[in-house]
Amino acid sequence: MRRCFRVLVPPEPLQHAGRRVVVRFSTAGFDLPDWFRNPKDVVPSSSGLDAEEDDDDFVLPIKSDVSDERSSDKGSGGSSPLTIRAGCPVSACSHEDAEFEADVDEVSRILRSRFASPEAIVIAMDCCPVRVSARLVDKILCRFGNDWVAAFGFFMWAGTQEGYCHCADSYDMMVDILGKFKQFDLMFGLISQMHEVGGLVSLTTITKVMRRLCRASRWSDAIDVFHKMDRFGVVKDTKAMNVLLDALCKERSVKRARGAFRELMGTIPPDESSFNTLVHGWCKAGMLKEARETMAEMEKNGFSPSVITYTSLIEAYCMEKDFQTVHNILDEMHRKGCSPNIITYTILMHALGKAGRTQEALNTFAKVKQDGCVPDASFYNSLIYILGRAGRLQDAIFVVKEMRRTGIPPNLTTFNTLISAACDHSQAENALKLLVKMEEQSCKPDIKTYTPLLKLCCRRQWVKTLLFLICHMFRKDITPDFSTYTLLVSWLCRNGRIVQSCLFLEEMVLKGFAPKQETFDLVLNKLDNTKLHSAKRKVELLKMQVAPTRSPVRSYLGESGFV
DNA sequence: TGAAGTTTAA
């Protein structure tokens with residue numbers, strides 16, 4: 001592990017064989033290097049550890065002239081070749097924008113170095129000559145949202161800068177990042193601060209807190225926060241109660257949601273959403289008897305089940321592949337004058353497709369038209385997914401054209417679905433072309449765009465392409481999240497790239513993620529068969545470092561006024 | 001990022 005953590009640091013300037021490389025990662029388009037088009041020619045596919053040494057360094061190849069070049073796409077589904085344009089127009093940038101981008105880069109450069117604590121960052125940031133603004137804070141928090149130490153260190157430093165005060169939105173973002181990493185003591189401290197500086201705590205803040213606590217399986221703490229939120233000037237009304245119920249239901253605790261609901265409904269009047277939230281919770285948990293009971297209770301309280309209620313029920317039967325009951329419910333809906341909508345049909349079509357009943361799924365399309373429903377982007381995306389899964393990529397492309405024809409432009413999910421389908425069918429080049437096409441159409445990628453590509457690179461052992469993609473992601477403010485790291489570590493490990501696997505594992509821990517024990521064990525088992533003794537010791541140390549510790553939230557609740 | 005639906009993970 002001599003070259004730790006190089007992988008996520010885009011080298012600037014990019015050097016290759018003594019020449020400055022012209023390839024740049026821009027926000028509006030990028031050059032596709034030669035080896036990117038045909039990675040297997042560049043990266044040896046041998047799985048021996050010796051071969052890894054060559055790939056350990058991230059060096060971009062010399063820029064090749066790919067502009068206007070048309071490529072032949074062997075084995076593709078036949079989509080038309082794409083023209084790749086070099087560079088992007090920069091004339092639109094104002095002087096102020098350029099200054100802002102420079103400030104973002106400067107802060108990012110500092111934050112990318114490893115720091116042991118947020119306090120160390122505050123010290124390192126001292127005299128950093130950037131102009132702090134809400135826009136800058138927003139951008140940095142977004143970019144470092146998966147690195148709470150960096151984000152919080154910067155946030156604390158920014159808060160001390162003259163002429164600047166954090167706004168409620170920035171506080172809320174920071175609260176959410178701390179909650180995501182289970183830094184609940186710091187999170188509650190921040191909330192106290194928000195309250196003291198001028199009543200900045202809102203239902204938005206409390207929502208983030210309750211959702212993060214529930215996600216960390218601290219359901220009763222979330223309920224506690226709800227009970228005490230009025231101390232921060234946030235009203236405990238129906239809307240707030242519904243957020244609590246939803247957070248509990250979505251995070252595997254529908255029974256606690258029912259308990260909280262029964263306790264609260266005496267003082268807070270429930271509405272239709274309250275009941276629908278619970279019905280959905282039961283349905284997702286596969287507890288159909290309880291779902292029906294809640295529906296009955298709903299009617300007793302004067303609310304008739306709506307299309308939302310029935311759709312939840314239909315989804316539950318779809319999960320059980322009980323399509324006969326689904327059709328009975330659809331009939332019942334029609335009888336009661338509660339027509340299914342496009343969401344209902346999307347659920348049904350998707351379930352049929354996933355169950356391998358492709359033709360029946362496609363027949364749903366006819367039913368939709370017959371019913372006078374108007375397909376929307378999600379419906380089309382689901383259709384594209386089903387076709388992609390069935391290997392009918394040409395048909396999927398046809399659906400995209402159909403979307404455009406009906407005035408619905410393909411969105412992020414459309415592209416993600418297409419990229420994923422292309423990767424699944426080993427059409428790497430088509431997948432990469434789609435990535436370029438997205439940028440051309442100003443469709444901002446997200447982590448899900450890259451996941452199938454990263455997975456394909458791991459499977460094929462295209463380490464350089466993998467690292468290129470990770471740098472590309474970074475420039476777009478997308479950093480690997482917990483699951484992406486887990487994927488990278490395990491896939492690289494399984495595919496004979498143990499050194500890179502260890503690098504990502506270490507990087508993951510340093511970013512504050514706690515890898516699962518299975519992930520450690522997978523890597524350690526693999527290391528047993530190698531001579532990488534120091535790497536093994538390091539991984540064992542990391543494993544001990546993240547051994548589960550659970551600190552009591554209640555004391556934090558007390559300190560921050562939540563008691 | 002959520003009162004119902006669409007993308008990844010063995």
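Everything quoted here is computed from the prediction, not taken from an experiment. Order of the sequence lines fixes the chain letters, A, B, ..., with proteins taken first and strands second; residue numbering starts at 1 for each chain.
The listed nucleotides are B:dG5, B:dT6, B:dA3; the one nearest the side chain of A:Glu272 is B:dA3. Distance from the side chain of A:Leu487 is smallest for B:dA10 among the nucleotides B:dT6, B:dA3, B:dA10.
One atom, CG of A:Leu488, and another, P of B:dA10, lie 12 Å apart when rounded to the nearest Å. Computed from coordinates, the A:Asp481 CG to B:dT7 C1' distance equals 14 Å when rounded to whole Å. For A:Ile447 and B:dA9, the CD1 to C1' distance is 12 Å, given to the nearest whole Å. Straight-line distance from the OH atom of A:Tyr485 to the P atom of B:dA9: 20 Å, rounded to whole Å. Rounded to an integer number of Å, the gap from CZ of A:Arg389 to C1' of B:dA9 is 14 Å. When rounded to the nearest whole Å, the span between CG of A:Asn495 and P of B:dA10 equals 11 Å. Rounded to a whole Å, the CG atom of A:Leu492 is 16 Å from the P atom of B:dA9. Atoms CG (A:Asn276) and P (B:dA3) sit 11 Å apart, rounded to a whole Å.
Dashed line: the shortest gap from a side-chain N or O of A:Lys284 to OP1 or OP2 of B:dG5 is under 4.0 Å. Under 4.0 angstrom from either OP1 or OP2 of B:dA9 there lies at least one side-chain N or O belonging to A:Lys455.
Of the residues in residues 315-341 of chain A, those lying under 4.0 Å from DNA chain B by heavy-atom distance are A:Glu315, A:Asn341. Residues of residues 244-262 of chain A that place a heavy atom closer than 4.0 Å to DNA chain B, in numerical order, are A:Asp246, A:Lys250. DNA chain B is contacted by A:Thr413 of residues 403-415 of chain A, taking any non-hydrogen atom closer than 4.0 Å.
Using a 4.0 Å heavy-atom criterion, one finds that A:Arg494 contacts no nucleic acid atom at all. Counting any heavy atom pair closer than 4.0 Å across all strands shown, A:Thr417 reaches sugar-phosphate atoms only and no base atom. Within 4.0 Å of A:Tyr345, counting heavy atoms only, lies no atom of the nucleic acid at all. Across all strands shown, A:Ile308 has heavy atoms under 4.0 Å from base atoms, whether or not it also approaches the sugar-phosphate. As judged by a 4.0 angstrom heavy-atom cut-off over every strand, A:Asp376 is placed among the base-contacting residues.
The distance from atom CG of A:Asn276 to atom OH of A:Tyr310, rounded to the nearest 0.5 Å, is 11.5 Å. The distance from atom CZ of A:Phe155 to atom CG of A:Leu178, rounded to the nearest 0.5 Å, is 8.5 Å. Interatomic distance, CE of A:Met174 versus CG of A:Asp169, reported as 14.5 Å (0.5 Å rounding). The CD1 atom of A:Ile329 sits 6.5 Å away from atom OG1 of A:Thr325, with the distance rounded to the nearest 0.5 Å. A:Ile206 contributes atom CD1, which lies 9.5 Å from atom CG of A:Asp172 (distance to the nearest 0.5 angstrom).
Scanning for salt bridge (Lys or Arg N to Asp or Glu O under 4.0 Å) contacts around A:Asp477 gives A:Lys139, A:Arg143, with sequence neighbours left out. Shown here are the ring-ring contact (aromatic ring centres under 6.0 Å, His included) partners of A:Phe323, two or more places apart in sequence or in another chain: there are none. Remark: A:Leu264 pairs with A:Phe226, A:His227, A:Met241, A:Leu244, A:Ile268 by the side chain to side chain contact (heavy atoms under 4.5 Å, CB included) rule, at least two apart or across chains.
A salt bridge does not link A:Glu251 to A:Arg218: none of the charged side-chain nitrogens sits closer than 4.0 Å to a carboxylate oxygen. Of the charged side-chain nitrogens involved, at least one lies within less than 4.0 Å of a carboxylate oxygen, so that A:Glu315 and A:Lys284 count as a salt-bridged pair.
For A:Lys369 and A:Phe365, the positive end sits near the middle of the six-membered ring, less than 6.0 Å away and at most 45° from its axis.
When the P atom is compared between B:dT6 and B:dT1, the two are found 12 Å apart, to the nearest whole Å.
Side-chain atoms of A:Asp271 and A:Thr238 form no donor-acceptor pair, as typed in the model, at a separation below 3.5 Å.
A side chain to side chain contact (heavy atoms under 4.5 Å, CB included) with A:Ser273 is found for one member of A:Leu245, A:Leu278, A:Val243, A:Asn242 and no other, namely A:Asn242.
Side-chain atoms of A:Arg212 come within donor-acceptor range of the base of B:dT1, with a qualifying N/O pair under 3.5 Å.
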